*Asks:* 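Dumping the structure here so I can ask a few things about it.
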Amino acid sequence: MKRTHIVILVAIAIGIGTLIMMSVDFSTYDTIGSAKAKQGKFVHLIARIDKTIPLDYNPAKDPNYLSFIATDSLGERTKVIYHNTKPPELEQSDRIVLKGRMEGDVFQCSEILLKCPSKYKDDKKVLEKTVSSTQ
């Protein structure tokens with residue numbers, strides 16, 4: 001092979017590697033405290049909804065406004081504002097992943113992902129019935 005062919009192949013390999021690296025999401029989960037330190041930067045938070053304070057959602061008034069208080073695993077709290085319709089089963093969700101930016105003491109959320117581990121746990125009685133019926 002000629003040197004030019006080798007140089008072209010190496011350049012193509014570097015280009016493909018760069019494209020792959022740019023397409024991978026390297027974001028990590030932040031706490032509310034670290035998100036406050038990164039004012040205006042896009043972060044992911046894992047939190048729970050503070051169920052002692054009701055959600056502020058009135059679809060008749062504004063279906064694209066939802067606000068609530070979120071608490072992270074360290075006990076820090078912040079107000080979350082989400083400008084979209086309320087996800088179904090939000091109140092029943094065990095944990096939520098919030099994607100967005102901190103602006104002051106308020107988290108401006110662009111996406112909410114619901115986490116409900118109870119849906120993925122096997123019910124012991126159902127599992128025992130299945131095992132006993134197959135024998």
Side-chain angles (χ1 to χ4, degrees):
M1 289 179 80
K2 294 181 180 182
R3 279 191 178 171
T4 55
H5 292 147
I6 293 172
V7 170
I8 291 172
L9 287 175
V10 169
I12 290 172
I14 290 172
I16 290 172
T18 303
L19 288 174
I20 290 172
M21 293 297 287
M22 294 175 87
S23 67
V24 175
D25 186 14
F26 288 111
S27 61
T28 59
Y29 296 110
D30 287 295
T31 63
I32 292 172
S34 65
K36 286 180 180 178
K38 299 176 183 177
Q39 289 287 322
K41 293 190 178 181
F42 190 83
V43 295
H44 294 170
L45 298 178
I46 293 181
R48 295 177 192 269
I49 296 174
D50 186 351
K51 295 180 181 175
T52 61
I53 301 170
L55 301 176
D56 181 12
Y57 181 67
N58 185 352
K61 181 180 174 187
D62 186 359
N64 292 323
Y65 180 84
L66 167 68
S67 89
F68 56 91
I69 302 297
T71 306
D72 67 7
S73 60
L74 300 175
E76 295 183 76
R77 298 165 41 129
T78 188
K79 182 176 181 177
V80 177
I81 296 177
Y82 181 58
H83 292 284
N84 209 333
T85 57
K86 183 181 82 142
E89 300 178 6
L90 178 68
E91 292 90 351
Q92 291 81 29
S93 191
D94 183 42
R95 287 197 215 169
I96 54 176
V97 175
L98 305 169
K99 297 180 180 183
R101 294 172 170 74
M102 284 298 292
E103 293 179 6
D105 288 336
V106 177
F107 188 78
Q108 295 291 336
C109 186
S110 60
E111 187 176 357
I112 298 176
L113 302 174
L114 304 178
K115 301 286 184 183
C116 188
S118 63
K119 288 184 179 181
Y120 305 108
K121 292 181 182 176
D122 290 330
D123 184 12
K124 197 172 188 177
K125 292 179 182 178
V126 172
L127 186 58
E128 287 173 359
K129 285 181 183 178
T130 305
V131 170
S132 63
S133 66
T134 58
Q135 293 177 349

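Quantities reported herein were computed from a predicted structural model and do not represent experimental measurements.
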*Asks:* Taking side chain as C-beta onward, heavy atoms only, is Y65 less than 4.5 Å from N58?
*Replies:*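 No; the side chains remain at least 4.5 Å from each other.
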*Asks:* Under the side-chain contact (heavy atoms from CB on, under 4.5 Å) criterion, do F68 and I96 qualify, and how do the steps go?
*Replies:* CA-CA 12 Å; F68 56 91; I96 54 176; 3.8 Å; yes
*Asks:* Examine I16 and I8 and state if one hydrophobic cluster contains both, with Ile, Leu, Val, Met, Phe, Trp and Tyr joined whenever side-chain heavy atoms are less than 4.5 Å apart.
*Replies:*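 Yes, because I16 and I8 connect within a single hydrophobic cluster, where side-chain heavy atoms sit under 4.5 Å apart.
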*Asks:* Taking all atoms of both residues into account, what is the closest heavy-atom pair of F107 and G100, and its distance?
*Replies:*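 In this case the closest contact between F107 and G100 is CZ-N, 3.4 Å.
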*Asks:* Rounded to the nearest 0.5 Å, how far does CD of Q108 lie from OH of Y82?
*Replies:*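 The CD atom of Q108 is 12.5 Å from OH of Y82, to the nearest 0.5 Å.
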*Asks:* For E91, check salt bridge (Lys or Arg N to Asp or Glu O under 4.0 Å) against everything at least two apart and list the hits.
*Replies:*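 By the salt bridge (Lys or Arg N to Asp or Glu O under 4.0 Å) rule, E91 matches K86.
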*Asks:* How many angstroms lie between SG in C109 and NE2 in H83, if you round to the nearest 0.5 Å?
*Replies:*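 It is 10.0 Å, given to the nearest 0.5 Å.
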*Asks:* Are I6 and L9 connected in the hydrophobic side-chain network, where two residues link if heavy atoms are under 4.5 Å apart?
*Replies:*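 Per the 4.5 Å side-chain linkage, I6 and L9 are co-clustered.
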*Asks:* Shortest non-hydrogen contact from L114 to P88?
*Replies:*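 Nearest heavy atoms, L114 then P88: CD1-O, 3.2 Å.
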*Asks:* Please answer: with hydrophobic residues joined when any side-chain heavy atoms are less than 4.5 Å apart, are L113 and I46 in the same cluster?
*Replies:*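 Yes; tracing contacts between hydrophobic side chains, which count when under 4.5 Å, links both residues.
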*Asks:* Within the 4.5 Å heavy-atom criterion, are L55 and I49 side-chain neighbours or not?
*Replies:*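 Counting from C-beta outward, L55 and I49 do come under 4.5 Å.
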*Asks:* L66 versus L90: any side-chain heavy-atom pair under 4.5 Å?
*Replies:*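 Sidechains of L90 and L66: in contact.
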*Asks:* Say you draw a straight line from CG of L45 to NZ of K99; how long is it, rounded to the nearest 0.5 Å?
*Replies:*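 These two atoms lie 12.0 Å from each other.
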*Asks:* Hey, are the side chains of T78 and M102 touching, using non-hydrogen atoms and a 4.5 Å cut-off?
*Replies:*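 Of all side-chain heavy-atom pairs linking M102 with T78, at least one is under 4.5 Å.
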*Asks:* Within the 4.5 Å heavy-atom criterion, are T85 and N64 side-chain neighbours or not?
*Replies:*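 Answer yes - side chains close enough.
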*Asks:* For E76, give me all partners under salt bridge (Lys or Arg N to Asp or Glu O under 4.0 Å), at least two apart in sequence or on another chain.
*Replies:*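 None.
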*Asks:* Could you check whether any side-chain heavy atom of D30 comes within less than 4.5 Å of a side-chain heavy atom of K41, counting everything from C-beta outward?
*Replies:*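 Not touching, per the 4.5 Å side-chain cut-off.
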*Asks:* Restricting to non-hydrogen atoms, name the atom on E89 and the atom on Q92 that form the minimum distance, rounded to 0.1 Å.
*Replies:*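 So the two residues come closest at CA-OE1, 3.0 Å.
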*Asks:* Under 3.5 Å, side chain of D72 to main-chain N/O of I32, donor-acceptor pair present?
*Replies:*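 Judged by distance alone, yes, a pair lies under 3.5 Å.
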*Asks:* Looking only at non-hydrogen atoms, find the nearest pair between I69 and K79 and report the distance.
*Replies:*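 Minimum heavy-atom contact is CD1-CA, 3.8 Å.
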